Amino acid sequence: MSAAGASIGVITFPGSLDDGDARRAVRRAGATPVALWHADADLHGVDAVIVPGGFSYGDYLRCGAIAKFAPVMTEVLRAAEHGMPVLGVCNGFQVLCEAGLLPGALTRNAGLHYVCRDQWLRAENTTSVWTTRYEPGAELLIPVKHGEGRYVAEESTLDELEGEGRVLFRYVEDNPNGSSRDIAGVTDARGRVAGLMPHPEHAIDPLTGPTDDGLGMFLSALDTLVPA
Amino acid sequence: MARVVVDVMPKEEILDPQGQAVANALPRQGFEGVSHVRQGKHFELEVADDVDDDTLERIAENFLANPVIEDWSVRRVES
Amino acid sequence: MARVVVDVMPKEEILDPQGQAVANALPRQGFEGVSHVRQGKHFELEVADDVDDDTLERIAENFLANPVIEDWSVRRVES
Amino acid sequence: MTETTHDTVTSPERVDSTEYAARTPELAQPYRELGLAEDEYQRIRQILGRRPTEAELAMYSVMWSEHCSYKSSKVHLRYFGETTTEEMRAKMLAGIGENAGVIDIGDGWAVTFKVESHNHPSYVEPHQGAATGVGGIVRDIMAMGARPVAVADPLRFGPAEAADTARVLPGVVEGIGGYGNCLGLPNIGGEVVFDESYARNPLVNAMCVGVLKSDELQLAHASGTGNKIVLFGARTGLDGIGGVSVLASESFSGDETGSGRKKLPSVQVGDPFTEKVLIECCLELYRSGLVVGVQDLGGAGLSCATSELASAGDGGMWIDLDAVPLRAEGMTPAEILSSESQERMCAVVRPSDVEAFMEVCRKWDVTATVIGEVTDGENLRVDWRGERVVDVPPRTVADEGPVYQRPVRRPAEQDRLVADDPGALPRPGSAGELRETLLRMAASPNLCSREWVTSQYDHYVRGNTVLAQPSDGGVLRIDEESGRGIAVATDCNARYTRLDPYQGARLALAEAYRNVSVTGSKPVAVTNCLNFGSAEDPGVMWQFQQAVRGLADGAAELGIPVTGGNVSFYNQTGGDPILPTPVVGVLGVIDDVTRRIPTGIGAAPGEALLLLGE
Ligand SMILES: Nc1ncnc2c1ncn2[C@@H]1O[C@H](COP(=O)(O)OP(=O)(O)O)[C@@H](O)[C@H]1O
């Protein structure tokens, strides 16, 4: 299979905002983006799925709380169980946590304000499907933009995540939201389902983002989907 | 020490998109029979015994609620 | 028709920056004696009479609250 | 204001129909409470040949308000048209009079942009006032057939250290951010200015920019007899009823004290999610060719949308108010017509397309209802519970409202004010003093970093933002293949404008023009939001007249047209008006966004710093 032969689905919920950007990032990485609709009960044969940022269904109750019940999420849960790579960005991360694919929860920023800024991250885990292109400890500059991005979980869960090397990225310098242990993103035990608050899809071209540091996440997934 | 609960709700005639979102989502999850939902805020305060009802009322009105669009209720509970 | 109230609160051990902001602001405005504030959500539901307690509990647990970070209580009230 | 007694007519037992109105000419009506002058009320009676019904009175009173009718500004705004040459008009696909101006920017692309004020609502309830201000301007842009692609927010507040500013500013910023972020519209510019004159009259202006293919332009007109009128989006509630509540009869009131609905807050609450879905739904409807005409619902709600659609069309219109999906019980016809519930649009649809239209709405979970149709008569007719409650020539409501030539007088104190020039002020004499002055200026509220505000706004969403804060102008890519893009900037120095409103407006234009130019873009069009004090103050009207002339003359000199704008009068509490604040927005075009020029001193050492101009 050629890279363009790999197809990555990007879900659109009513209220999704960064779905177009995620599709652009997939294209830029050399794969074929496939738009998935929240009401689809079918993943249209994609090789991986991205749950993008935004405010799914308005996020009025709790971020991601309604999206987890979307028909398409039932399919995503099933596919993830069989090892399909899944990436949740921002609202997508919130949805994956709500859906139980990733541990913990994302809560109101400690500063109580929505924050949009360029943020330094450190790559902690470079073996997950979504991070193999990064050097361990590499520092990346990627936008964050959220009001509810403070990652919390029970202490034992946090210890487990650290122990198993499942913290994907950590905020460096300034923690924008008060996340426990500066956690910006985590992965499941198999390193296939990943979620993070920062937006790699907004860092694929220095013209429209601070850097192209985010492109590595999409390229990493392609490396796995399309073994050289 | 007394425990005080303040509930703050959007006024009846004011649009409540949050409650509406919950009400719309329930049937999709297979929960029928909920006809109306309103969502507001719930505060729990621990206050010294010498804080009187009048002060609590003022705290609710000036801080916890936005009287332009919200109603509120204050009650003391057993701790 | 029955009226049901669900209160959802951040768990004790979870940081509650909103409640804290209120608690910090009160003394600055001359309100002393409030030692602790926590902020959660308050839902008022109108439900058909055949919706049983078990269903209400599931609505609260699976939907209105996130058990990872929140506690909740469900009660029926007079309408 | 003195309370006059009047009879309310509509009750569960009786409807104030046109027929009943014709039989009861002597009935006292609360036109003054609704803001109509005696002669305005008499003109309505003359137009109709009878007293208006309550519903008609509600319609005329909102549509003839300053906000909707431009009755005090119209005579001055004509000057924009008079000074726009054919050459300036060449690229203009829609101009003053449409929901928003539209400019052809080449390659088949067109751009629409407009600024609106939501000043007073944002003072009453900063968060919701500002949020619904964004929502309103975004719907204006949608009504042109465009996809909204960016917002900007010129803001004015009282002194930074004033207690009330601490209430208003954070709420306004949260409201603008909360709404715009949730719609997925990057915020690419704006202003934050503090001045005593805005203390009880903050200015919340919101700009929206939209992009469309030039052949996709939608117009707000109802044509084609038999075509259906579809109301879609949110339900209609008691929001923003404001003054019209004096028409609510006691028997409709839920309030035991019997004071009608006077105590209703006129605040509207925004629902950005509904608006986001409405945007996507509208765009799909346009793409599918299912819309003949479309109008957003903003101030004056259905009164405005129906009368404007009918007025711009070629026939009459019939509306069945019972079909309007309501959120509140017991709403009277006047209330339904005046409700300012947010997130609603009104479309004209061919009967054969109604089913397909509804299908698209169902996909997006948008409530849509046929509420009437285009008729071959002349009049706008509205029925409720089987009785006719409105029967009016729509032009008399929408276009032929009163026009005033308000007294204009240069204030006596103007000379004294101008004579008091800064020459007498102490100047820094030493390097140390200069340093101190510079530091003080850099730290002052009007010059310090705006990051506290701008970091609450998403400027990355949609992935096309090429320049945003802290750049002088925001730049957006609109065509990924060609790299074609646009730039916008808004500016106004109101203190200059106070000294000389003509020059002040020209300066505001020149500044916005420069801010667009320095991004590497070519300015092509102008919009404005003219914020002033009371139209009944001759000094304020002089400021207004001068500012309009300055802006129009400046635009003519630069050769770019004013494509639209907004007027906000009565920004004053007591006798003191705000500083005259004609906010000017300039739109530019850049052929290739990779050639944009960021703000700031270059990164490489040894670069030369050049000062251009005098
Ligand atoms: N309310 C606002 N919303 C968005 N951007 C703003 C706002 N206020 C200021 N900005 C942005 O911050 C930057 C600096 O603003 P300002 O100090 O007014 O610049 P200037 O003095 O060069 O016009 C500009 O990019 C401007 O667009």
Side-chain angles (χ1 to χ4, degrees), chain B residues 1-12 16 18-66 70-75 77 79, chain C residues 1-12 16 18-65 70-77 79:
Chain B
M1 273 301 162
R3 281 218 324 151
V4 173
V5 167
V6 180
D7 288 319
V8 175
M9 293 300 283
K11 286 189 180 169
E12 223 15 87
D16 171 21
Q18 310 188 77
Q20 215 170 11
V22 170
N24 293 341
L26 284 170
R28 287 203 297 269
Q29 295 160 37
F31 293 115
E32 300 292 342
V34 178
S35 54
H36 194 69
V37 180
R38 292 190 77 78
Q39 176 175 340
K41 297 174 194 150
H42 178 84
F43 294 90
E44 294 183 4
L45 286 69
E46 270 168 37
V47 304
D49 291 328
D50 61 353
V51 175
D52 59 15
D53 288 355
D54 188 54
T55 306
L56 290 175
E57 190 58 35
R58 278 185 297 133
I59 289 177
E61 173 167 359
N62 295 320
F63 273 95
L64 307 181
N66 175 351
E70 292 169 328
D71 293 325
W72 63 94
S73 73
V74 180
R75 65 180 202 277
V77 295
S79 24
Chain C
M1 273 301 161
R3 284 217 325 150
V4 174
V5 166
V6 179
D7 288 318
V8 174
M9 293 300 284
K11 284 189 178 168
E12 243 349 289
D16 170 21
Q18 308 187 82
Q20 225 167 46
V22 173
N24 294 340
L26 286 172
R28 284 202 300 269
Q29 305 291 325
F31 293 111
E32 300 293 342
V34 178
S35 53
H36 194 66
V37 180
R38 292 189 75 77
Q39 175 174 342
K41 296 173 192 153
H42 178 83
F43 298 89
E44 294 183 4
L45 287 69
E46 268 167 39
V47 304
D49 291 328
D50 61 352
V51 176
D52 61 14
D53 287 356
D54 189 53
T55 305
L56 291 175
E57 190 57 36
R58 279 186 296 130
I59 288 176
E61 173 169 0
N62 296 330
F63 188 46
L64 301 182
E70 293 166 328
D71 295 325
W72 64 95
S73 72
V74 180
R75 66 179 201 278
R76 291 177 183 263
V77 294
S79 28

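Values in this document were obtained by computation on a predicted structure and should not be read as measured data. Each chain gets a letter, A, B and so on, in the order the sequences are listed, and its residues count up from 1.
Annotation: side chain to side chain contact (heavy atoms under 4.5 Å, CB included) contacts of C:E46 (sequence neighbours excluded): B:S35, B:H36, C:M1, C:R3. The side chain to side chain donor-acceptor pair (under 3.5 Å) check on B:N66 picks up D:E125, with sequence neighbours excluded.
Chain C is approached within less than 4.5 Å, heavy atom to heavy atom, by B:V51, B:T55, B:R58 from residues 49-58 of chain B, ordered by number. Taking non-hydrogen atoms and a 4.5 Å limit, the residue list of residues 18-25 of chain B in contact with chain C, ordered by number, reads B:V22, B:A25.
In this structure, the separation between CE on C:M9 and CG on C:D16 is 7.0 Å, given to the nearest 0.5 Å. We find the CZ-CZ distance between B:F63 and B:F43 to be 11.0 Å, quoted to the nearest 0.5 Å. Taken from CG in C:L64 to CG in B:L26, the straight-line distance is 6.5 Å, to the nearest 0.5 Å.
The minimum heavy-atom distance linking B:P10 with B:Q39 is given by the pair CD-O, 3.3 Å.
When the candidates B:V37, B:V6, B:D7 are compared by the number of heavy-atom contacts under 4.5 Å with chain C, B:D7 comes out ahead.
Counting only distance, with no hydrogens or angles, the side chain of B:R38 and the backbone of C:H42 share no donor-acceptor pair below 3.5 Å.
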